[in-house]
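Working notes for the structure below.
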Amino acid sequence: MLNLKFIQENPELVIEKLKKKHFDASVIVQQITALSAKKNETQACADQCKAEMNKISKEIGLLMRDGKTTEADVAKNRTAELKENIKQLDDSFARIDQEIFNIQVLLPNLPADIVPEGRTPEDNLVVKRLGEIPVLSENSVPHWELAKKYDIIDFELGVKITGAGFPVYKGKGARIQRALISFFLDEAREAGFLEIQPPLMVNEDSGFGTGQLPDKEGQMYHATEDNLYLIPTAEVPVTNLYRDMILEAKDLPIKNTAYSACFRREAGSYGKDVRGLNRLHQFDKVEIVQIAHPDHSYELLDEMVAHVESLVQKLELPYRILRLCGGDMSFTSALTYDFEVFSAAQEKWLEVSSVSNFESFQANRLKLRYRDEVTKKPVVAHTLNGSALALPRILAALLENNQTPEGIRIPKVLIPYCGFDVID
RNA sequence: GGAGAGAUGGGUGAGUGGCUGAAACCACCGGUUUGCUAAACCGACGUACGGGUCAUUCUGUACCGGGGGUUCGAAUCCCCCUCUCUCCGCCA
């Protein structure tokens, strides 16, 4: 959510910057400006009435104490009209406030200046591409066939016990999952992130704080009986740890990492893009989250990108880093880098990580602030997060790219975690 | 699932209708003292929104879990909701 004062003071800037996201903000900004003026006016009137009311009430108290009941009664009569005014002003204030909020949350975050122009994924800027794309033998196959061949992932069994998109990992398949999680967490810890093990379900307030609610309600599984939501990413519980907080400037940046299962309803997707591990309702991910001082958030974003890059490098996967264009960015992000690894058997790039700076967009909702060391005033912090990494597509690429007639080779860095060096 | 208790500022915790935005203590911050640390003493110490000087300041309003009500006036009384804790039951 953009800051209201900022919109009021910089209406043209907001409209101009959102053009890059192909969002026409002119009407909303105009409405907000008009409503805000009305809101301030209403508040000024209401406050004045209330001040008068408070004054009279105090006088009545004094009169009553002195036993001057008749004078007190006279004073009481004066309050009736005031009371009615206050009620009306408060009502219209609340109504305007709600109206502003309702349209304020429709505005996406402003893209950073270096965000490329563009509409579609094709317009994303490839900022780096590294690693050899392996040349596979004639009879190489996509990962869902490998999964079956070596009996390490059973999609049908998942369908039986739960439904499509809930795979069952077996034997070395289960062990490599566990290995990847441990590897990612260890790497994050060594990079300075504090490991968190968060709840997998969150309440409504948390869903609101990170922006899943109220709009994207359909993307989360909802346990209606208890009104709890299954988390779509560890970002939700971890970022919400700091909701409604005023942190000390010296405690920034806060760096957290968490492994969690992630649950996504992702209704309406179909086709070969969702085959196998490409898109799931439940998957595993290690997330990294930072709460940052605004002056440093972009340096920290670069650090996070470097961290994710080191992971894909250690896994020996060919990868590329994209700076997302305005049209392909998420609603909440100011700058996003996507990581894609090349899946040799499917012959396409698979997104495995998305690293973003949200600036103060999330923190505004979360009421997440820090105390400025000079002014001693609370200032909204910046939040960042990234996948480091999401497992399924990494696993898909590992299986496909490392397949040989003798079996699937495990990257060196994972062998100590797996306890085996080949899947055969 | 059953029964009871509770929700106050960063923390502990007082406060049953008016001088309480809130005692006291602790923590944090500034200062004095001190060879340093500690101790002691003094002071400051919530957030949000609005108004004026728009730089330091000044000022109004709201907020004691959330919502509604009673009253001239509510942290305090009434109603509803949410959450937490304790005991019992069940259970990894």
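Hydrogens, waters and symmetry mates play no part in the numbers below; they use all other heavy atoms, side chains included. Since the structure is predicted, the reported quantities are computational estimates derived from the model, not experimental observations.
When heavy atoms are screened at a 4.0 angstrom cut-off, A:Asn77 is found touching no nucleic acid atom at all. A:Ile246 comes within 4.0 angstrom of the backbone, heavy atoms only, and of no base. Across all strands shown, A:Ala51 has heavy atoms under 4.0 Å from sugar-phosphate atoms exclusively, and none from any base.
Rounded to whole Å, the C1' atom of B:A40 lies 38 Å from the corresponding atom of B:U59. Rounded to whole Å, the separation between the P atoms of B:C45 and B:A38 comes to 24 Å. Rounded to whole Å, the C1' atom of B:U70 lies 16 Å from the corresponding atom of B:U16. Comparing the P positions of B:C58 and B:C42 gives a spacing of 24 Å, expressed to the nearest Å. Using C1' as the reference atom, B:G52 and B:G46 are 24 Å apart when rounded to the nearest Å. As rounded to the nearest Å, B:U33 and B:C85 have P atoms that lie 49 Å from one another. Rounded to a whole angstrom, the distance from the P atom of B:C64 to that of B:G69 is 15 Å. Only the C1' atoms considered, B:G89 is 39 Å distant from B:G10, to the nearest whole Å.
On the nucleic acid side, RNA chain B contacts chain A at distances under 4.0 Å to non-hydrogen atoms, with the end points of that region at B:G18 to B:G73.
For A:Lys172 and A:Tyr150, the positive end is not near the middle of the six-membered ring at less than 6.0 Å and at most 45° from its axis. Geometrically, A:Arg264 does not engage A:Phe283 in a cation-pi contact defined by less than 6.0 Å to the ring centre and at most 45° from the axis.
Here A:His281 and A:Phe263 keep their ring centres 6.0 angstrom or further from each other.
Within a 6.0 Å sphere centred on CD of A:Gln48, heavy atoms belonging to other residues, nucleotides or ligands number 12 at most.
For the residue pair A:Thr332 / A:Asn109, no side-chain donor-acceptor distance below 3.5 Å is found, with atom types taken as modelled.
Of the two residues contacting RNA chain B, namely A:Ile56 and A:Ala44, the nearest-nucleotide position lying further toward the 5' end is that of A:Ala44. If you find the closest nucleotide of RNA chain B to A:Lys55 and to A:Asn40, the one lying nearer the 5' end belongs to A:Asn40.
Residues A:Arg323 and A:Val115 are not in side-chain contact: their nearest non-hydrogen atoms beyond the backbone lie 4.5 Å or more apart.
Evaluation of the side-chain contact (heavy atoms from CB on, under 4.5 Å) rule for A:Glu16 yields A:Lys19 as partners, not counting sequence neighbours.
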Note, RNA chain B 5' to 3' with Watson-Crick or G-U pairs under 3.5 Å encoded as ( ), [ ], | and . gives ((((((((.[[[..)..(.....]]]..((((.......))))..((((((......)))))).[[[[[..)....]]]]])))))))....

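Separating the CG atom in A:Leu82 from the CD atom in A:Glu52 is a distance of 5.5 Å, to the nearest 0.5 Å.
The side chain to side chain donor-acceptor pair (under 3.5 Å) test with A:Asn102 singles out one residue from A:Gln104, A:Glu99, A:Gln98, and that residue is A:Gln98.
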